[in-house]
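Scope of the values below: all heavy atoms of this structure, side chains included, with no hydrogens, waters or symmetry mates. Naming: A, B, ... by sequence-line order, numbering from 1 per chain.
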Amino acid sequence: MAKIVPLAEAIGDNVRDGDTVAMEGFTHLIPYAAGHEVIRQGRKDLFLVRMTPDILYDQLIGVGAARGMKFSWGGNPGVGSLHRFRDAVENQWPRPLEIEEHSHAAMANAYEAGAANLPFAMLRGYIGADLPKVNPNIKSVTCPFTSEVLAAVPAIRPDVTIIHAQRADRKGNVLLEGIVGVQKEAVLAAKRSIVTVEEIVDELAPPSPNSVVLPSWAVTAVSHVPGGAFPSYAHGYYPRSNAFYIGWDEIARDRDSFTAWIKENVLDAGPEDFARHAGKTPAKAA
Amino acid sequence: MAKIVPLAEAIGDNVRDGDTVAMEGFTHLIPYAAGHEVIRQGRKDLFLVRMTPDILYDQLIGVGAARGMKFSWGGNPGVGSLHRFRDAVENQWPRPLEIEEHSHAAMANAYEAGAANLPFAMLRGYIGADLPKVNPNIKSVTCPFTSEVLAAVPAIRPDVTIIHAQRADRKGNVLLEGIVGVQKEAVLAAKRSIVTVEEIVDELAPPSPNSVVLPSWAVTAVSHVPGGAFPSYAHGYYPRSNAFYIGWDEIARDRDSFTAWIKENVLDAGPEDFARHAGKTPAKAA
Amino acid sequence: MTDFTPTEMMTIAASRELSNDDVCFVGIGAPSAACNVARLTHAPDITLIYESGTVGTKPDVLPLSIGDGELCDTALFTVSVPEMFRYWLQGGRITTGFLGGAQIDRFANLNTTVVGPYDHPKVRLPGGGGAPEIASNCGRIFITMALSKRGFVEKLPFITSMGHGEGGDHRERLGMKTKGPTRVITDLCILEPDAVSKELTVVSIHHGVTREQIVENCGWPIKFASRVIETPVPSEVELATLRDINARTRKAHQASREAA
Amino acid sequence: MTDFTPTEMMTIAASRELSNDDVCFVGIGAPSAACNVARLTHAPDITLIYESGTVGTKPDVLPLSIGDGELCDTALFTVSVPEMFRYWLQGGRITTGFLGGAQIDRFANLNTTVVGPYDHPKVRLPGGGGAPEIASNCGRIFITMALSKRGFVEKLPFITSMGHGEGGDHRERLGMKTKGPTRVITDLCILEPDAVSKELTVVSIHHGVTREQIVENCGWPIKFASRVIETPVPSEVELATLRDINARTRKAHQASREAA
């Protein structure tokens, strides 16, 4: 059964130095508040996993919390580069970053295989592409019926997965809605999981019997952090701050302005500071 | 784009003698009206696929429409045997029935692989079980990373899949809700597909953005057949007739009473006869 | 209470093995009754899953099929069948699976496939359904079956799902990390696999049942543990709960028969 | 209308290639604009899919990211990302995929991964994302990129996604049954792979553009088809539609900037 605890406690209990950590969210529901708490608690040597490392992972890389990253697209969506990520790969600042690079399809399948307790995932993928030449974790498997050769990648099994969701009930059952990405798979593939939520309610009340729900017994900890996905968004609560994503380009381009931003907005701040983003501009689909 | 046509036309255009046909439904939403239309149109030499062949496949087997069947559990749920299925396997009446038998997990994975356009599915399955000794379509595959050996089965790719759903809109987009079984996978795995529905509405209005929807362009034909899942049920419309399932045991036990039942309720009837079951006893969850 | 049927005793004995922390893969019949009695008595927070995809169901009446509407109506959520078998069962999320069968052997292997040769069966049974993977992927397995010579046999014609195979460390040798069948609950007694040989052994005898009855109703020379207890008789609450849910179930199925 | 920018011409030329029967895997930027112009002009029933899982979206403003809320709000339905890549893309349900990149070669292979050696890159680009499998699993691929010597290069340092590989029947030899890149739409002209060699060849030149400009802006000695037409200039409706959606998009993003 999930424990409902403050965010600092959830991170403190479940994220350890050296862990393989997936903070997932495909544009939507990115767990920014939880990621900032990881930075504040000074976790180090993390191996980060995420399909689309965006600003949050740029921040974790920029403060030197990560020893490596497994990913499939590392950019600022619609804006351009992740400057801290580039600085780490191109100049080893603030430390070298080991990378394991895949395609989206391979990562999505690898999470799926992790959730399904399979050792690997197979896909019709990487045909004619160069990634298999530089990534030894891309191999192949042969169909025992047709002899067709398919790409194979290891299942993703994080030590801990962290996601943000719309709401939980008081037992710790969690509802996700909208662009749900790979979050369910990432939680089920992990040894431990933390979910931050916009609201904790008496009745979960999923709108459909087939809604995306994570039962309490499949989650380790739930924390109430309104606004915790900002500048990403929470469908039904608040919209994405495209302006923040555009503005980040300038902040992250320079090591000093980045470091100053982290001090002011992460190190000297707390999860409660995210609350001002919650519901400030109601989402259309609320 | 799906064509919205009468059931007789949908079956006439899309189900051919000798086809591999999946009429899916896991207790819920079983396409009885469509199956009866297949019998009425005299299709023969069908290779039937279904995880849980129940009364509908007992009927198809009993009239001699099937040359073979791929399945994982062939019984009358909660009641007992399928007598027509047993008669075919034990006594070759009315004709021999080739069987390919799997476990539920293997069938579910095989449909999933078909929908994903993979040639085979793998699973942690069949360990210590005898089915692999009698079914040459159960092989193995070795993980290229861990050397673990997993079971492998061929993907299911039916010529045509037939399902029943709650509703479609006028463009042919389809909504399924409740126990959705393997129907989405079975449709996406097939070359052609037919969906019978309780209602055709102006707006599909799924209750959640993550509802189970089949878009019109992934479906071949949609037919409006209210009550078309009876004696199975349609969540939100009418409940399962457990009494019919219990009563079938007696009807099907004897070749003559079975044949008489088919003549009266299938050959001399039509899809419109199912309408009397629609909404007669409103479902709790309506 | 000593006024109970052997089937009631079997169901209640099974229900007692379950706790609030269990996530159960429930089958139709005795397992469904046992799980729901547990939920309505000592284990209100138990999670019941039916292979039709319904998770966290709290049915008011027992389902006739594994996919009755009642299960979905009262579930926390419902997933597709591929997801059920991939993420939840194979994913290792189920603590306890229930199985039964037409036949069982001394190592708790089960047959629900055929009597006679597979290609020319004397009796064609429904087949395994979810059993082969339930047997290997659940944390532990409970089996409920009435004890009879026809059901408890010396040698199975077909192994539908593996229990302890040939006994001993056979499961480990095949790479399985789950416990397999840990209890076989019958209408006369409770069996457990021997710690080393894994042969099913009587550990508890139901009230009013004799060792002779047990020996006579088993198809192999059945062994008794060095310490055998008497199964505590059903409490009033247990029995009332079971009879209530059975009565509600009969009424509901009758109503649906009349409406049909 | 002859009062249009090269980027507008590129977007509108791309939009014309799409029809009501298309199921498009849409990328951010020019492809998103092109697909939505098609939807708002000659192809109202076109199906637009974004890799975030949104199917059948009809956004009123163009998304900044592939997963903006607008896409989900206006979608027929939204699936998980694994389902998107497994059932819909790999499942072979997408007729047309859009790609772009930092660099392209004469066989329409693309690089969005690195400039310089992979292990010690001069410039680390975002990477492939969905591109490797979009390139192989969609029925056909359209590429939109501005023509420039930096982008259209003699040799790629890294092949992120394969177009026609080494040319000729390379795709068939690797077992692919899809067409690969069938059109490269630039701000100056439209290229198509030669029927046999698969080398990109100019087939249509935008109004006011000279052959010299095209030659000067390409990193390899670019070939012209034996018959080259002038790309029809944008119609008033096309241009108005594109400018309207761009204006709505600017306004929406500005609003979100002020609210931030």
At what distance, to the nearest 0.5 angstrom, does CD of A/Glu203 lie from CG of A/Asn173? 10.5 Å

Please round to the nearest 0.5 Å and tell me the distance separating atom CD1 of A/Ile99 and atom CZ of A/Phe71. 4.5 Å

Separation between CD1 of A/Ile156 and CG of A/Asn109, rounded to the nearest 0.5 Å: 10.0 Å

Look at the side chain of B/Asn135 and the backbone N and O of B/Glu101, then say whether any donor-acceptor pair between them is shorter than 3.5 Å. yes

Flag side-chain contact, heavy atom, 4.5 Å: A/Lys139 against B/Cys143: no

Please look at B/Ala113 and chain A and tell me whether the side chain, the backbone, both or neither of the residue comes under 4.5 angstrom of a heavy atom of that chain. neither

What are the two closest heavy atoms between A/Glu148 and B/Pro119, and how far apart are they? OE1-CG, 3.7 Å

By residue number, those in residues 18-34 of chain A with heavy atoms under 4.5 Å from heavy atoms of chain B are none

How about residues 174-190 of chain A versus chain B: which residues have heavy atoms under 4.5 Å apart? A/Leu176, A/Glu177, A/Gly178, A/Val180

Exam field: side chain B/Tyr245 to backbone B/Arg240, donor-acceptor pair closer than 3.5 Å: no

Give me the ring orientation class for B/Phe120 and A/Phe145: parallel if the planes are under 30° apart, tilted from 30 to 60°, perpendicular past 60°. tilted

Is the shortest heavy-atom distance from the side chain of A/Pro158 to the side chain of A/Val49 under 4.5 Å? no

Does the A/Tyr237 side chain pair with the main chain of A/Glu199, one donor and one acceptor, at a distance under 3.5 Å? no

Output for pair (B/Asp202 CG, B/Asp169 CG), nearest 0.5 Å, gives 9.0 Å

If one checks every heavy atom of A/Leu118 against chain B at 4.5 Å, the contacting part turns out to be both

On a heavy-atom basis, which atom in B/Pro206 and which in B/Val213 lie closest, and how many Å separate them? CG-CG2, 4.2 Å

Using a cut-off of under 4.5 Å on heavy-atom pairs, state which of B/Ser140, B/Pro154, B/Ala152, B/Pro207 scores highest against chain A. B/Pro154

Nearest-0.5 Å distance, CG of residue B/Leu204 to CZ of residue B/Arg167: 6.0 Å

Pairwise side-chain contact, A/Leu46 with A/Leu48, heavy-atom cut-off 4.5 Å (strictly under): yes

Supply the atom-to-atom distance B/Ser103 OG to B/Ile138 CD1, rounded to the nearest 0.5 angstrom. 7.0 Å

Checking heavy-atom separations under 4.5 Å from chain A, one finds in residues 159-166 of chain B none

Residue B/Ser208 versus chain A: region with a heavy atom under 4.5 Å: both

Is B/Glu100 salt-bridged to B/Lys70, going by a charged N under 4.0 Å from an acidic O? yes

Which residues in residues 214-222 of chain B have a heavy atom less than 4.5 Å from any heavy atom of chain A? none

Is A/Thr196 close to A/Phe274 at the side-chain level, that is, under 4.5 Å between some pair of heavy atoms? no

So what's closer than 4.5 Å to chain B heavy atoms on A/Ala105: side chain, backbone, both or neither? neither

Please check: side-chain N/O of A/Ser72 versus main-chain N/O of A/Met51, any donor-acceptor pairing under 3.5 Å? yes

Locate the shortest heavy-atom distance separating A/Pro231 from A/Phe244; write the atom from each residue and the value. CG-CD2, 3.3 Å

